[in-house]
Trainee: 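Quick one: this structure, given as structure tokens, is what I'll be asking you about.
Just so you know, residue 1 is the first one in the sequence shown, and it goes up from there. The model shown is predicted, which means the values in this text are computed figures rather than measured ones.
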Amino acid sequence: KKKHTMKFFNTRFWLLASGTLFTVFPTIAALSGSTVSGAPAYWASFGALSDRETAIAVVVELAWGFHVLGLGLVILAIGLLATDPLRARLGVVAMVGFALSQVLSVGTAAQFGYGGADAMGAFAIVVMGVPLLTLIACAVSWNKKTVSSE
């Protein structure tokens with residue numbers, strides 16, 4: 001049973017899943033224009049935004065997305081280049097760093113009327129679930145030894 005659990009909590013798989021999510025989602029959102037068109041919805045509590053306010057909202061969302069994209073590339077590199085237990089330990093650091101940056105960013109912005117988490121809807125489950133599973137996978141493999149192929 002433990003072997004099956006360890007396969008599910010494969011650090012490489014979950015780091016690649018999170019890294020791909022963090023890289024692909026903001027890229028598609030930016031290239032498709034959905035980041036630009038959706039940005040005012042995150043500030044819906046203010047009603048209609050002026051052109052300047054809309055431009056600021058767009059820049060905030062684009063910058064936020066590109067920061068997530070950059071972290072996604074780092075997480076992909078950890079998943080591809082490191083071996084356990086280092087991969088697991090770096091994965092914990094990366095996922096805790098991601099979680100802290102998002103909680104602090106959303107929490108700070110919410111004080112100024114930002115409603116981004118509400119506007120994400122059901123997709124928020126994926127955005128929070130995959131990194132959480134990645135964190136768990138890396139945490140349970142903290143001391144896992146690399147399997148030798150000799």
Side-chain angles (χ1 to χ4, degrees), residues 1-44 55-150:
K1 180 171 173 148
K2 185 176 182 179
K3 194 170 202 156
H4 184 17
T5 303
M6 293 310 280
K7 283 184 180 180
F8 179 79
F9 289 122
N10 180 301
T11 56
R12 181 176 306 263
F13 171 81
W14 286 108
L15 285 164
L16 294 178
S18 283
T20 300
L21 176 70
F22 297 167
T23 304
V24 171
F25 175 67
T27 301
I28 291 172
L31 292 176
S32 71
S34 68
T35 301
V36 172
S37 64
Y42 295 118
W43 300 92
I56 293 169
V58 166
V59 169
V60 166
E61 291 305 316
L62 286 171
W64 203 323
F66 292 144
H67 281 99
V68 171
L69 186 151
L71 185 56
L73 293 174
V74 170
I75 292 169
L76 284 172
I78 292 168
L80 292 170
L81 301 175
T83 57
D84 283 325
L86 180 61
R87 177 175 51 228
R89 293 172 182 175
L90 291 174
V92 168
V93 171
M95 299 321 295
V96 169
F98 170 76
L100 273 175
S101 71
Q102 296 308 295
V103 167
L104 291 172
S105 297
V106 171
T108 301
Q111 298 174 37
F112 295 94
Y114 184 77
D118 297 336
M120 287 190 76
F123 188 67
I125 294 169
V126 173
V127 172
M128 293 185 304
V130 172
L132 180 60
L133 285 170
T134 303
L135 175 60
I136 293 167
C138 290
V140 300
S141 298
W142 185 268
N143 288 320
K144 180 180 177 184
K145 301 294 182 227
T146 303
V147 178
S148 176
S149 60
E150 294 175 5

Trainee: Could you pull out all donor-acceptor pairs under 3.5 Å where a side-chain atom in residues 94-104 meets a protein atom, sequence neighbours excluded?
Mentor:
from	atom 1	to	atom 2	distance (Å)
Ser101	OG	Gly97	O	3.3
Ser101	OG	Phe98	O	2.8
Gln102	OE1	Trp64	NE1	2.8

Trainee: I need the Phe66 CZ to Thr27 OG1 distance, nearest 0.5 Å.
Mentor: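 Those atoms lie 7.0 Å apart.
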
Trainee: Which residue is it: Thr11, Asn143, Asn10? I am looking for the one with a side chain to side chain donor-acceptor pair (under 3.5 Å) to Asp84.
Mentor: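 With Asp84 as partner, side chain to side chain donor-acceptor pair (under 3.5 Å) holds for just one option, Thr11.
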
Trainee: So, using side chain to side chain donor-acceptor pair (under 3.5 Å) as the criterion, who are the partners of Ser34 when residues are at least two apart?
Mentor: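 Once residues adjacent in sequence are excluded, the partners of Ser34 under the side chain to side chain donor-acceptor pair (under 3.5 Å) criterion are Ser32.
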
Trainee: To the nearest 0.5 Å, how far apart are CZ in Phe112 and CH2 in Trp43?
Mentor: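 Atom-to-atom, Phe112:CZ and Trp43:CH2 are 8.5 Å apart.
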
Trainee: Determine whether Thr83 and Lys144 satisfy the following criterion, side-chain contact (heavy atoms from CB on, under 4.5 Å), listing intermediate values before the conclusion.
Mentor: CA-CA 10 Å; Thr83 57; Lys144 180 180 177 184; over 6 Å; no

Trainee: Side chains of residues 126-137: which donor-acceptor partners sit under 3.5 Å, not counting sequence neighbours?
Mentor:
from	atom 1	to	atom 2	distance (Å)
Thr134	OG1	Trp14	O	3.0
Thr134	OG1	Ser18	OG	2.6
Thr134	OG1	Val130	O	2.8

Trainee: Locate the shortest heavy-atom distance separating Phe9 from Ser141; write the atom from each residue and the value.
Mentor: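 Minimum heavy-atom separation between Phe9 and Ser141: O-OG, 3.9 Å.
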
Trainee: Checking side-chain contact (heavy atoms from CB on, under 4.5 Å) for the pair Leu76/Leu16: CA distance, chi angles, key distance, verdict?
Mentor: CA-CA 5 Å; Leu76 284 172; Leu16 294 178; 3.8 Å; yes

Trainee: Can you name the closest pair of heavy atoms from Thr23 and Leu73 and give their distance?
Mentor: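 Smallest interatomic distance, heavy atoms only, reads OG1-N, 3.6 Å.
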
Trainee: Nearest heavy-atom pair of Gly65 and Pro26: which atoms, and what distance?
Mentor: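 So the minimum-distance heavy-atom pair works out to O-CB, 3.3 Å.
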
Trainee: Go through the steps for Thr35 and Val58 under the test side-chain contact (heavy atoms from CB on, under 4.5 Å), then give the verdict.
Mentor: CA-CA 7 Å; Thr35 301; Val58 166; 5.8 Å; no

Trainee: Can you give me the closest heavy-atom contact between Gly91 and Leu15, atom names plus distance?
Mentor: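 Closest approach of Gly91 to Leu15: CA-CD2, 3.8 Å.
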
Trainee: For Glu61 versus Ala39, what's the shortest heavy-atom pair and its separation?
Mentor: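 Answer, listing the atom of Glu61 first, then Ala39: CG-CB, 3.8 Å.
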
